[in-house]
Amino acid sequence: MAAFTDSCYLGFDFSTQQLKVIAVDENLNVVQQSNVQFDSELSEYSTQGGVHVHSDRLTVTSPVLMWVKALDIILQKMKNAGFDFSRVKALSGSGQQHGSVYWKKGARQVLQNLDAGKHLHELLQGSFAVLDSPVWMDSSTTEQCLNLETTVGGAQKLADITGSRAYERFTGNQIAKIYKTRPEQYQETERISLVSSFASSLFLGNYADVDYSDGSGMNLMDIFTKQWSQQCLSATAPQLEDKLGTPVPSTAVLGPISTYFVSRYGFPADCKVVAFTGDNPGSLAGMRLQEGDIAVSLGTSDTVFLWIKDPKPTVEGHIFCNPVDCQAYMALICFKNGSLTRERIRNECAAGSWEVFSKALRSAPMGNNGNIGIYFDAMEITPPTAGVHRFNEQNSKVAGFSEEVEIRALVEGQFLAKRVHAEKLGYKIIPGTRVLATGGASSNKDILQVLSDVFGAPVYTIDTANSACLGCAYRAMHGIVVEKGVHFAEVIRNAPEPKLAVTPTSGADKVFEPLLKRYAELEERVFKESQQ
Ligand code: ADP
Ligand code: XUL
């Protein structure tokens, strides 16, 4: 048997553009990292940014077998790098939230009898009733959203039950669309998983249950009783409960790893699979978020989240069950136009270089001389409207900005939006408030400086931009001791603390206070105009 200190824990993240993994040892040091980029390493699936945008521009899916194949590849990469799988005591992971996977009748049997001589993607070739999984970027289910809200008695009523009003990307509405548009595939479906519980099913060699935290992103679960809401289920599709399993605590140990991984990669037979969760809940765990802090994740989507004790759901933002403490909750706001929009402006205004982009941020003045931009390339979630809108200091619409002004307008606009909407959910600067930044763009100090200036608080980062992976490796470790009543915070007590990256520039509050007000008004105006 491996010595105690040799043990390690794996955290996976099935995110939009890539599959990532991190291994931490017993002392919480990161000992291995790897990733598989979908577009470049699995080019046979022809995705862009990990997804297929359909001709209606609203439907967005990813090939489920691409995710399966990515797992084959990442484990092989780790093996080639000499990673000793026999050290892994437990693993967990996360997935992009809301996406859904439709297992075909008979798939459970296939999962239970995987031949270790073959790749997973060969074995599971015929196991899905729907090959193109709807993902969080999909906004094609407005009809289903209206139906759900009407059936339960309105948007606020639905939020009171499920933590959110109806959102197009939320899984229940996606399931309702599959039921309506592809009834045969729905009938053929034995089990519906989230991306997270689909991934844990692979490791478990059986259907894994949905965890409370990611289950909160479905518009189907009562976040207070932590059970499916019968009202929501019956408004969504028939025989749905049979296809969903039972929600479990996010800290639950689902069982030992499938013998497939023991034989093929050398995992110990008693390696535990801890419930997988959503990527944002996973990040909350990885960032060691405390009350009073605010986390800002700058990935494919940008998200803002807070730890809360006493949730009061409204029709803006979401309340999810907390992934590390079953008594607590988290509030989350998601912005669809995150990294992909920053990349577009980088390509158009900075010759495709982050360095040039950063230089422009440094040279344009804080507050951008009153110029404000709203860049919703794709239909935004918060607020639900699309289009690019530029305003000068008199709030008059202008057709274009210079390259430098455009770059600053984009980044300031994105952070002004985050602060305006976070304040509606209760964000207040109190002494000691920290902004914790993560995601790909958190490696860019000049972007973080704008974040700090707009939020009026110091910004901290953790060593890796992959806080979801790291958080899930920590959650795997917690899974070993959770039954003894040990709290998550105790398990990660010795983990590296987030590091101070930047502090607000002097005078930033005076510049941004009026801009916050103006941004809120302009965004409201853009939204109202789009409704006419
Ligand atoms: P995901 O949501 O897929 O997990 P990540 O958190 O890994 O995404 O973030 C990926 C994004 O990070 C890329 O799309 C890229 O735009 C962005 N990124 C990477 N490096 C930088 C940088 N130096 N400055 C700004 N953005 C960056
Ligand atoms: C959150 C959301 C996205 C996805 C993909 O509600 O839709 O952040 O989790 O990262």
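Treat the numbers as computed from the prediction; the structure is a model and nothing was measured. First listed ligand is number 1; within each ligand, the first listed atom is number 1. Hydrogens, waters and symmetry mates are skipped; everything else that's a heavy atom, side chains included, is used.
- Below 3.5 Å of separation, one finds an N or O of N444 facing an N or O of ligand 1.
- Looking only at protein heavy atoms, the nearest one to atom 10 (C) of ligand 1 is G440 CA, 4.1 Å.
- In this structure, T300 falls outside the shell of residues with a heavy atom less than 4.0 angstrom from ligand 2.
- Residue E406 forms a salt bridge (charged side-chain N to carboxylate O under 4.0 Å, His left out) with just one option from R390, R344, R346, and that option is R390.
- Nearest non-hydrogen protein atom to atom 3 (C) of ligand 2 is S301 OG, 3.4 Å.
- Closest heavy-atom approach to atom 1 (C) of ligand 2 within the set N280, D214, D279: this belongs to N280.
- Between I175 and I192 there is a side-chain heavy-atom pair separated by less than 4.5 Å.
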H318 and Y167: CA distance, side-chain angles, deciding distance, ring-ring contact (aromatic ring centres under 6.0 Å, His included) verdict: CA-CA 10 Å; H318 317 294; Y167 282 89; 4.5 Å; yes
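- Distance from atom 7 (O) of ligand 2 to its nearest protein heavy atom, with residue and atom name: R169 NE, 2.8 Å.
- Classification of the Y207-W103 ring pair by plane angle, with boundaries at 30° and 60°, yields tilted.
- At a heavy-atom cutoff of 4.0 Å, ligand 1 is contacted by both the backbone and the side chain of A441.
- Taking the charged nitrogens against the carboxylate oxygens, D446 and R362 do have a contact shorter than 4.0 Å, which makes a salt bridge.
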Carefully, step by step, assess F203 and F198 under the rule ring-ring contact (aromatic ring centres under 6.0 Å, His included). CA-CA 9 Å; F203 284 106; F198 143 79; over 10 Å; no
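- Ionic pairing of D211 and R475 is not present here: no N-O contact between side-chain nitrogen and carboxylate oxygen is shorter than 4.0 angstrom.
- The shell of residues lying under 4.0 angstrom from ligand 1, judged by heavy atoms, excludes R346.
- Electrostatic pairing of E355 and K359 does not count as a salt bridge here, judged by no charged N lying under 4.0 Å from a carboxylate O.
- At a 4.0 Å heavy-atom cut-off, ligand 1 does not touch A468 at all.
- Using a 4.0 Å cut-off between charged nitrogen and carboxylate oxygen, K499 and D463 count as a salt-bridge pair.
- Counting heavy atoms under 4.0 Å from ligand 1, residue I447 touches it through the side chain alone.
- In terms of protein heavy-atom proximity, atom 21 (C) of ligand 1 is closest to W354 NE1, 3.4 Å.
- Looking from atom 11 (C) of ligand 1 to the surrounding protein, the closest heavy atom is S339 OG, 3.5 Å.
- Side-chain contact check for R342 and Q414: at least one donor-acceptor pair (N or O, by modelled atom type) lies under 3.5 Å.
- Nearest protein neighbour of atom 2 (C) of ligand 2, counting heavy atoms only, is C334 SG, 3.4 Å.
- Close contacts between ligand 2 and Q97 involve ligand atoms 1 (C), 4 (C), 9 (O) [criterion: under 4.0 Å to a heavy atom].
- For atom 7 (O) of ligand 1, the nearest non-hydrogen atom from the set E343, Q18, Q17, Q96 belongs to Q18.
- For ligand 2, the atoms sitting less than 4.0 Å from at least one non-hydrogen atom of T303 are 8 (O), numbered in the order shown with element in parentheses.
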